[in-house]
Peer 1: 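Dumping the structure here so I can ask a few things about it.
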Protein chains: 2
Amino acid sequence: MQFEQNKFYLTVDIVVFTIIQGELKIVLIKRKKEPHRGMFALPGGFVNLHESLDDAAKRELHEETGLKEVFLKRLHVFADINLKRLRVFADVNRDPRGRVVTVSYLALIDGETVKLHATSDAELAKWFSIGNLPELAFDHREIIEDALKELRFEIQMTNIAYQLLGPKFTMSELKNAYEIVLDKELDKRNFSKRIKLLGILRPTTETKMEGAHRPAQLFEFKDKEYTFLKDKINVFV
Amino acid sequence: MQFEQNKFYLTVDIVVFTIIQGELKIVLIKRKKEPHRGMFALPGGFVNLHESLDDAAKRELHEETGLKEVFLKRLHVFADINLKRLRVFADVNRDPRGRVVTVSYLALIDGETVKLHATSDAELAKWFSIGNLPELAFDHREIIEDALKELRFEIQMTNIAYQLLGPKFTMSELKNAYEIVLDKELDKRNFSKRIKLLGILRPTTETKMEGAHRPAQLFEFKDKEYTFLKDKINVFV
DNA sequence: CCAAAAGTGTTAGTGATACACCCATGT
DNA sequence: ACATGGGTGTATCACTAACACTTTTGG
């Protein structure tokens, strides 16, 4: 075939966001091989020739971060979502080994699931606050910045927040997640009104008592599928 | 290198939109080679190993549609824009020649530029109405549908409409372009108010007389750079 | 009764929507 | 004078934004 020589390496890189101790964090792994050995990088790696990008992302994330079944299950959900928002990074010189094109993935998981992981494999995979990242291999800083922008966009335009929280949560917990992602304080009255108006939540009959104050009502997401709140988009009459 | 066998072909495909005779159209070319010889496909092709995706897109578009300098100049603008919205199509079986991953580009040009082209090379490259496409090679129909969705999103959220029109235009011409892209009638009073409110246009002192009626004021875009109208996005207080 | 977070309502302002008439021109 | 498309204004409604007090609980 005429173009036999023009072949590329294809990789996937996954930006996994979560909230731990009130901070937005991502998983990074310490590279064991050259290039950039010893530096931190996003989990990810080479796509096999007969493997879908989604499968490669799940496989690499599992291999490199050693995450458990629980986490993989969540990951599956994320894969469904993020096919819609794949990004490509393809600069000629982005990898010293040759021409490597990468496709980035965005994943969200909730803090509870995270804790299960963080104890198991801390040597290789660690959580880093988004505001305090180490020096990163390749162009991974750029990929992360892009993913963060996308996350901020998506959390306002879609219902993806369901991935950041457990199945039931208080309005305060939800607001807190938005505040952390958007890095901005929100007014609780307006937040609550707006979220209710969007109609993405269903109140449950349960409440959560925690500390010396009035118990909070628990909510759940109506849909645990990626939904675009498109009324906000079709702006022209 | 361990992954030597896992190499991919990388292609770019370009969806070029324009408006001709009141219809939204795209360029398709008739394939001269197998696979899918004789079928219509998006302009595009293999990326060379030492070439950026943008350069490959410009090169392939020029090679396959024979477009002139005028057009290439516009294309350059489009390339700047659309790096932000690259899409990947990477299914395992999308091309019978092997594992081919493609990156899609979205381009807009104005009807005037188009006419220059359409006469030159009509055998191989043709304009097709978006509502009346022929059978398409590979997964190009899916790529086009994706590009159309993106176009409809972008025309409402950004100032990309400047690429669909000449340097100066009447409010009616602009409204018409929006109507064609969105496939929806718009109220001229509300459209005009909203566009003025967005502040992306500057009125000129010139007018356009055409037919037996009051002459129309000509406008131009303030910025001919991709601008996101982000006030519409940050929705939370 | 005190501390702490939950929960809730009003007002003013801004933009969205729906709708109808006059204006400038060529014939 | 009339036909044609250009150009504009107003009233209603919905959402945004700013802001403070009462409720429920544990200690």
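Heavy-atom basis, side chains included; hydrogens, waters and symmetry copies ignored. Quick note on labels: first sequence line is chain A, next is B, and so on, each numbered from 1. Quick caveat, the model's predicted, so the values are computed rather than measured.
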Peer 1: What's the CG-P distance between B/Leu186 and C/dA16, to the nearest Å?
Peer 2: 13 Å
Peer 1: Nearest 0.5 Å please: distance from the NZ atom of B/Lys196 over to the CZ atom of B/Phe191.
Peer 2: 10.5 Å
Peer 1: Would you indicate which nucleotide in C/dT25, D/dT8, D/dA18 comes nearest to any side-chain atom of B/Arg189?
Peer 2: D/dT8
Peer 1: Between the base of C/dA18 and the side chain of B/Asn190, is there a donor and acceptor pair under 3.5 angstrom?
Peer 2: yes
Peer 1: Looking across every strand, which nucleic acid part, if any, lies under 4.0 Å from B/Lys196 by heavy atom: base, sugar-phosphate, or nothing?
Peer 2: sugar-phosphate
Peer 1: Map B/Thr170 and A/Gly211 onto DNA chain D by nearest heavy atom, then report which one ends up closer to the 5' terminus.
Peer 2: B/Thr170
Peer 1: How long is the line joining CG of B/Leu197 and P of C/dT17, in whole Å?
Peer 2: 13 Å
Peer 1: In whole angstrom, give the distance that lies between atom CD of B/Glu173 and atom C1' of D/dG6.
Peer 2: 12 Å
Peer 1: Which distance, rounded to the nearest 0.5 Å, do you find between the CD1 of B/Ile130 and the CG of B/Leu24?
Peer 2: 5.5 Å
Peer 1: Output the rounded distance in Å from CD (B/Gln156) to P (C/dA16).
Peer 2: 12 Å
Peer 1: Between C/dT10 and A/Lys193, counting only base atoms on the nucleotide and side-chain atoms on the residue, is there a donor-acceptor pair under 3.5 Å?
Peer 2: yes
Peer 1: Which heavy atom of A/Leu165 sits nearest a heavy atom of A/Phe221, and at what distance?
Peer 2: CD1-CE1, 4.4 Å
Peer 1: Out of C/dG7, C/dT25, C/dG9, which nucleotide sits closest to the side chain of B/Pro215?
Peer 2: C/dT25
Peer 1: Rounded to the nearest angstrom, tell me the gap between atom CD1 in B/Ile195 and atom P in D/dG7.
Peer 2: 14 Å
Peer 1: Would you mind reading off the distance between A/Phe219 atom CZ and C/dA6 atom C1', rounded to a whole angstrom?
Peer 2: 11 Å
Peer 1: Quick one: CZ on B/Arg202 to CG on B/Leu218, what's the gap to the nearest 0.5 Å?
Peer 2: 14.0 Å
Peer 1: Using every non-hydrogen atom in the two residues, find where A/Glu150 and A/Leu106 come nearest and quote the distance to one decimal.
Peer 2: CG-CD2, 4.1 Å
Peer 1: Counting heavy atoms from C-beta on, name the nucleotide in C/dA18, D/dA18, D/dG6 closest to the side chain of B/Ala216.
Peer 2: D/dG6
Peer 1: Where do A/Ile144 and A/Ile26 come nearest, in terms of heavy atoms and distance?
Peer 2: CD1-CD1, 3.4 Å
Peer 1: To the nearest Å, how far apart are A/Leu198 CG and D/dA14 C1'?
Peer 2: 14 Å
Peer 1: Taking the minimum atom-to-atom distance to the side chain of A/Gln217, which one of C/dG7, D/dG6, C/dT17 wins?
Peer 2: C/dG7
Peer 1: Please give, in whole Å, the distance from D/dT10 P to B/Asp187 CG?
Peer 2: 16 Å
Peer 1: What's touching nucleotides 2-5 of chain D from the protein side, N or O pairs under 3.5 Å?
Peer 2:
| from | atom 1 | to | atom 2 | distance (Å) |
| --- | --- | --- | --- | --- |
| D/dT4 | O2 | B/Ala212 | O | 2.7 |

Peer 1: Rounded to the nearest 0.5 Å, what separation is found between the CG atom of B/Asn176 and the CZ atom of B/Phe169?
Peer 2: 13.0 Å
